[in-house]
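Because the structure is predicted, anything quoted here is derived from the model rather than measured.
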Amino acid sequence: MIGGALFALVAGALPALAGPPDAVAAPAAAGSGGNSSLVMVLDSSGSMGDDDGTGRTRMESARAAVSTVVDGLPDGYPTGLRVYGADRPHGCTDTRLVRPVQKLDRDAVKRAVEAVRPRGDTPIGLSLRKAAQDLPEPAGGAIGTRTILLISDGEDNCGAPQPCEVAEQLGKEGVGLRIDTVGFQVGAAAREQLECVAHAGNGRYYDAPDAEALARQLQRAAQLSADGYRLKGRRVAGTATADRAPVLTPGQYLDTIGPGEKRYYAVDLDDASTADFAATAVPQPGAAADTFDALTTRIERSDDGYCESNTEHFFQKEGATPLTAAVARIPSEDGSRTCDRAGRYWLVVERESKKGSDAARWPLELVYGAEEPLPEGVTPGQSEAEYGEGGKNAVLPTGDPRDVRGGTGFNDARELGRGVWRDRILPSQTLWYKVPAGWGQQVVYDVEFANEPTVDRTDTTYSYGASRLYTPARFPLGGGGEFDGRTLYDGRPAAVRMGGVPVAWTNRYESRSDVQPVHAGGDFYISVTLGAHAAEIAENPEIGVVLRVAVLGEERTGPGHDAPAVAGKPGGSGDGEKGAGADKAGDSAAAADSDGAGGAGWAVVAAAGAGAAAMAVVLAVFVYVRGRRAAAARMTRGSA
C-alpha cells in the first residue's frame with residue numbers, strides 16, 4: 001500500500017454534500033461524461049455531384065467517409081446529420097436536419113446520408129446557425145463538448161449570414177461548442193473561408209484533397225469530439241474580486257474562465273497545514289493558441305500581497321491543449337513568514353490570451369487539498385533533490401508492449417505499472433495515464449512516437465510530440481534541466497523522456513520547482529500530446545505511441561527517516577517483468593477510471609446525491625501528511 005499506515009483511501013456513497021458556505025448558487029455537481037454530442041453538416045450542393053478523380057462523385061465518397069466515421073464512434077454517442085443544398089436547385093434557405101442528434105443509430109445515419117442527392121446552393125452560414133440549435137444543451141449544469149463537423153467542397157454562395165461571423169458569434173456563446181471544418185478538394189477561397197470558420201468556432205480545419213484524406217480527416221475530427229476531457233467536480237462560481245469570493249473546503253470543483261479574466265476563491269487556513277491548489281483549463285483541443293497564452297494560479301493574503309504564484313504557457317502555436325497551473329502554501333520551518341499565519345486566504349486563477357487566440361470561455365477544473373501535520377514523534381527523512389538513477393540515463397523496461405487505452409484527463413487516467421505499453425493518439429489529442437509511486441520512489445518514463453506512413457506533400461511540415469509529469473496534487477513537473485518533454489515530429493520516430501525526483505516529505509522545503517512539489521506519494525499523472533499539425537503529416541488517422549515506464553527505488557511505509565520498506569513490494573527495478581503494477585495496470589478495467597485525486601496517500605471521498613434528478617457529486621477531499629513545526633525541527637535534511 002502506497003504511503004503505509006499513515007494514509008487511508010476512503011470511497012463510499014454518501015449523502016449529497018452541501019455547497020461551500022458562501023458560494024454562488026450552482027448545481028451540486030457536474031461533469032462532461034455523457035454530455036457531449038456531434039452533428040455533421042454535409043454539403044449537398046450541386047458541385048458534390050462532380051467526379052472526385054476516382055470515377056466516383058464527391059457525394060459517393062462523402063457517404064463512404066460518413067459511414068466509416070459512424071462505425072468508429074462510441075456506442076450510443078449522440079450524433080445527428082444536417083444537409084444543405086439537397087432539396088432544390090436554388091435557394092439560400094435550403095438546409096435540413098435529416099437525422100436528429102440522439103443516441104447513435106449507425107444504420108439510421110447511413111440510410112439518411114445514402115438518401116441525400118446533391119442539387120442546390122451552399123448556405124453555410126445559415127446551416128451553422130441551425131446546427132448549433134440542433135445540439136442539445138448538457139443537462140443539470142454539466143459541461144460537455146458540442147461539436148459541429150462541417151464537410152464542404154466549396155465556399156458559401158449565399159452571402160448572408162456570413163459563415164465566419166456566425167462561427168465567431170457561436171464560438172463566444174456558452175462553453176463547449178466547437179466547429180471543425182473539412183475542405184474536400186477545395187480551392188483557395190473556400191479553404192480560407194473554412195479555416196476562418198474553424199478558427200472562430202474554437203475548432204480545426206482539415207484539408208482533404210482526395211477521398212482517402214476525407215475519410216481520414218472526418219475520423220479524426222469526430223473521434224476528437226467523442227474523446228473530450230471528462231470533467232468532474234462540484235460547480236462553483238468564482239468572482240472577479242476577492243470581497244465576494246465563494247469559500248471552498250478541500251475538494252474538487254468546476255468553473256469557467258474567459259480571456260483576460262481573474263477568478264477568486266476564498267479558503268480558511270490554519271498555521272500548520274500545507275494547502276495545495278491546482279487549476280486545469282480545458283480549451284477545445286487544437287483551438288487557436290499563442291505561444292505565450294497563459295494560466296496563472298496564486299495564493300493571496302488580504303493586505304500582504306501574494307504568497308506563491310505559478311504560471312504555465314502553451315509554448316507552441318499549433319493548437320490549445322489542457323493547461324494546468326498549481327501552487328502551494330507551505331508554512332516555513334520556523335513559522336516566521338506572513339503567509340504562515342492562520343486566517344483567510346484567496347486562491348486566484350488568471351487567464352491571459354493574446355490577440356487572435358481562442359476567445360471562448362474555458363472549463364476550469366479546480367483541486368484544493370489540505371495536508372495535515374505529521375504525528376508527534378515522526379521525524380521525516382532527508383529531502384531527495386537529485387534524480388540519481390532516475391535521470392536521463394535511467395534504464396527503462398524493454399520487451400513487447402501491452403495494449404492500453406489512455407484516459408481523457410486526470411479523472412479517468414489509465415493506471416500503468418512498470419512495463420512497456422502501446423497506445424494510439426490523434427492529432428490535437430492529449431492522452432492521460434497514472435503511475436503509483438510511494439515514499440522513496442520515483443517515476444521515469446519514455447514516450448516514443450511511431451514511424452508512420454506520411455501523406456504526399458509539397459513542403460516540409462513539422463509538428464511536435466510532448467509529455468508532462470504531474471504529482472498527485474496535479475503540480476506539473478518541468479524536468480529541472482534533466483529532461484525535455486517536447487520533440488519535433490514529422491512522421492519519423494521521435495521520443496521524449498520525463499521523470500521526477502524520489503518522493504520525500506522534506507522536499508517541500510527545497511527551492512527547486514521540480515523538487516518541492518514531490519513531497520507526497522500517490523498517483524503520478526502522465527499526459528501525452530500530439531500536435532495539431534500532425535494531421536497534415538500522417539497517413540493513418542491515429543499514430544502509435546509506446547510508453548516505457550519505470551518506478552525506481554524501494555517503497556517505504558511512511559515519510560519517517562526510519563520507516564521500513566513495504567513488505568512484499570518490488571523495488572528499484574525498471575524491467576518489464578510482472579509485478580504488482582504491471583499486472584493490475586494491464587488487465588484491470590477498473591484502472592481505467594479514477595476520481596482524479598491522486599490515489600493512496602490522499603483520502604478520497606466520493607459522494608453521490610440522492611434523487612433521480614440529482615447529479616453525481618464527486619468531491620475529492622485530500623488529507624496527506626505534512627509535519628508539525630516541532631517535527632520539522634527534528635528532521636534530518638539534505639540532498640540524496
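- Between the CZ atom of Arg414 and the CG atom of Leu547 there is a distance of 12.5 Å, given to the nearest 0.5 Å.
- Side-chain N or O atoms of Arg468 include none that pairs as donor or acceptor with a backbone N or O of Tyr525 at under 3.5 Å.
- Of the inter-residue distances, the one linking Leu366 atom CG with Leu347 atom CG reads 8.5 Å to the nearest 0.5 angstrom.
- Taking all atoms of both residues into account, the shortest heavy-atom contact from Thr274 to Ile330 is CG2-CG1, 3.8 Å.
- For the pair Asp446 (side chain) and Arg548 (backbone), a donor-acceptor distance under 3.5 Å is absent.
- Residues Glu308 and Arg337 are paired through a salt bridge, judged by an N-O separation under 4.0 Å between the basic side chain and the carboxylate.
- Closest non-hydrogen pair, Ile299 versus Ala275, comes out as CD1-O, 4.2 Å.
- What you find for Arg512 and Tyr387 is that their closest heavy atoms are NH2-CE1, 3.7 Å.
- Listed by chain and residue number, Val404, Arg405, Leu431, Tyr433, Val545 satisfy the side-chain contact (heavy atoms from CB on, under 4.5 Å) test with Asp423 (two or more places apart in sequence, or in another chain).
- Ser467 and Val496 get closest at one heavy-atom pair: CB-CG2, 3.9 Å.
- Considering only heavy atoms from C-beta on, Asp358 stays 4.5 Å or farther from Ser353 through its side chain.
- The cationic group of Arg301 lies under 6.0 Å from the six-membered ring centre of Tyr345 and within 45° of the ring axis, placing it in a cation-pi geometry.
- In this structure, Gln516 contributes its side chain and Ser511 its backbone to no donor-acceptor pair below 3.5 Å.
- Considering only heavy atoms from C-beta on, Phe410 comes within 4.5 Å of Thr324 through its side chain.
- In this structure, Arg329 CZ and Phe277 CZ are separated by 14.5 Å, a value rounded to the nearest 0.5 Å.
- Side-chain atoms of Thr239 and Pro246, non-hydrogen and from C-beta on, do get closer than 4.5 Å to each other.
- Arg497 places a side-chain N or O within donor-acceptor distance of the main-chain N or O of Ala394, the cut-off being under 3.5 Å.
- With hydrogens and angles disregarded, no donor-acceptor distance shorter than 3.5 Å links the side chain of Thr557 to the backbone of Ala563.
- With hydrogens and angles disregarded, no donor-acceptor distance shorter than 3.5 Å links the side chain of Ser273 to the backbone of Ala370.
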Notebook entry, point to check: Between Glu384 and Gln442, is a side-chain contact (heavy atoms from CB on, under 4.5 Å) present by the stated rule, with each step listed?
Noted result: CA-CA 10 Å; Glu384 299 276 1; Gln442 64 188 127; over 6 Å; no
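- Put simply, CD on Gln284 and OG1 on Thr145 are 4.5 Å apart, with the number rounded to the nearest 0.5 Å.
- Judged by distance alone, with hydrogens and angles left aside, the side-chain atoms of Arg418 form a donor-acceptor pair with the main-chain N or O of Val551 at under 3.5 Å.
- Taken to the nearest 0.5 Å, the CG atom of Asp340 stands 11.0 Å off from the CG atom of Leu269.
- Contacts of Ala320 classified as side-chain contact (heavy atoms from CB on, under 4.5 Å), with partners at least two apart in sequence or in another chain: Pro283, Ala287, Ala289, Phe314.
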Checklist line | side-chain contact (heavy atoms from CB on, under 4.5 Å) evaluation trace for Thr297 with Val348 | finding: CA-CA 6 Å; Thr297 52; Val348 186; over 6 Å; no
Next item on the list: Please report the C-alpha distance between Asn411 and Trp432 in whole Å, then the side-chain angles of each, then the deciding distance to 0.1 Å, and finally whether the side-chain contact (heavy atoms from CB on, under 4.5 Å) criterion is met.
Entry: CA-CA 9 Å; Asn411 302 300; Trp432 296 77; over 6 Å; no
Margin query: Could you go through Tyr368 and Val267, starting from their C-alpha distance and side-chain angles, then the distance that decides it, and tell me whether this counts as side-chain contact (heavy atoms from CB on, under 4.5 Å)?
Written below: CA-CA 9 Å; Tyr368 161 45; Val267 293; 3.6 Å; yes
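- With a 4.5 Å cut-off on side-chain heavy atoms, Tyr509 and Ser383 do not count as touching.
- Between the Thr506 side chain and the Gly381 main chain, a donor and an acceptor come within less than 3.5 Å of each other.
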Only distances under 3.5 Å count here; give the side-chain donor-acceptor pairs of residues 257-265 to other protein atoms, sequence neighbours excluded, each with its distance to 0.1 Å.
{"from": "Glu261", "atom 1": "OE1", "to": "Gly258", "atom 2": "N", "distance (Å)": "3.0"}
{"from": "Glu261", "atom 1": "OE1", "to": "Arg361", "atom 2": "NH1", "distance (Å)": "3.4"}
{"from": "Glu261", "atom 1": "OE1", "to": "Arg361", "atom 2": "NH2", "distance (Å)": "3.0"}
{"from": "Glu261", "atom 1": "OE2", "to": "Arg361", "atom 2": "NH1", "distance (Å)": "2.8"}
{"from": "Arg263", "atom 1": "NE", "to": "Asp255", "atom 2": "OD2", "distance (Å)": "3.3"}
{"from": "Arg263", "atom 1": "NE", "to": "Thr256", "atom 2": "O", "distance (Å)": "3.2"}
{"from": "Arg263", "atom 1": "NH1", "to": "Gly238", "atom 2": "O", "distance (Å)": "3.2"}
{"from": "Arg263", "atom 1": "NH2", "to": "Gly238", "atom 2": "O", "distance (Å)": "3.3"}
{"from": "Arg263", "atom 1": "NH2", "to": "Asp255", "atom 2": "OD1", "distance (Å)": "3.1"}
{"from": "Arg263", "atom 1": "NH2", "to": "Asp255", "atom 2": "OD2", "distance (Å)": "3.3"}
{"from": "Tyr265", "atom 1": "OH", "to": "Asp255", "atom 2": "OD2", "distance (Å)": "2.7"}

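- Contact record, Val378 with Gly560: CG1-CA, 4.1 Å, taken as the closest heavy-atom pair.
- Side-chain N or O atoms of Arg474 include none that pairs as donor or acceptor with a backbone N or O of Ala278 at under 3.5 Å.
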Next item on the list: Using the side-chain hydrogen bond (donor to acceptor under 3.5 Å, both in side chains) rule, take Thr296 and Arg298 through it: C-alpha gap first, then chi angles, then the decisive distance, then the call.
Entry: CA-CA 7 Å; Thr296 297; Arg298 283 196 304 279; 5.4 Å; no
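- When the side-chain contact (heavy atoms from CB on, under 4.5 Å) test is applied to Val518, the partners found at least two apart in sequence or on another chain are Thr471, Leu477, Val501, Val503, Asn507, Phe524.
- Listed here is the closest heavy atom pair of Glu386 and Pro502: O-CD, 3.5 Å.
- Side-chain atoms of Leu374 and Pro380, non-hydrogen and from C-beta on, do get closer than 4.5 Å to each other.
- The side-chain contact (heavy atoms from CB on, under 4.5 Å) search around Ala565 returns Glu554, Arg556, not counting sequence neighbours.
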Note to self: With side-chain hydrogen bond (donor to acceptor under 3.5 Å, both in side chains) as the criterion, how do Tyr229 and Thr280 come out once you've worked through the C-alpha distance, each side chain's angles and the decisive distance to 0.1 Å?
What the structure shows: CA-CA 11 Å; Tyr229 190 110; Thr280 299; 4.7 Å; no
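- Remark: Arg344 engages Asp268 in a salt bridge, criterion side-chain N to carboxylate O under 4.0 Å.
- Atom OG1 of Thr249 and atom CZ of Arg234 lie 7.5 Å apart (nearest 0.5 Å).
- Of the possible donor and acceptor atoms, none in the side chain of Gln252 sits under 3.5 Å from a partner among the backbone N and O of Val367.
- Partners of Asp484 by salt bridge (Lys or Arg N to Asp or Glu O under 4.0 Å), not counting sequence neighbours: none found.
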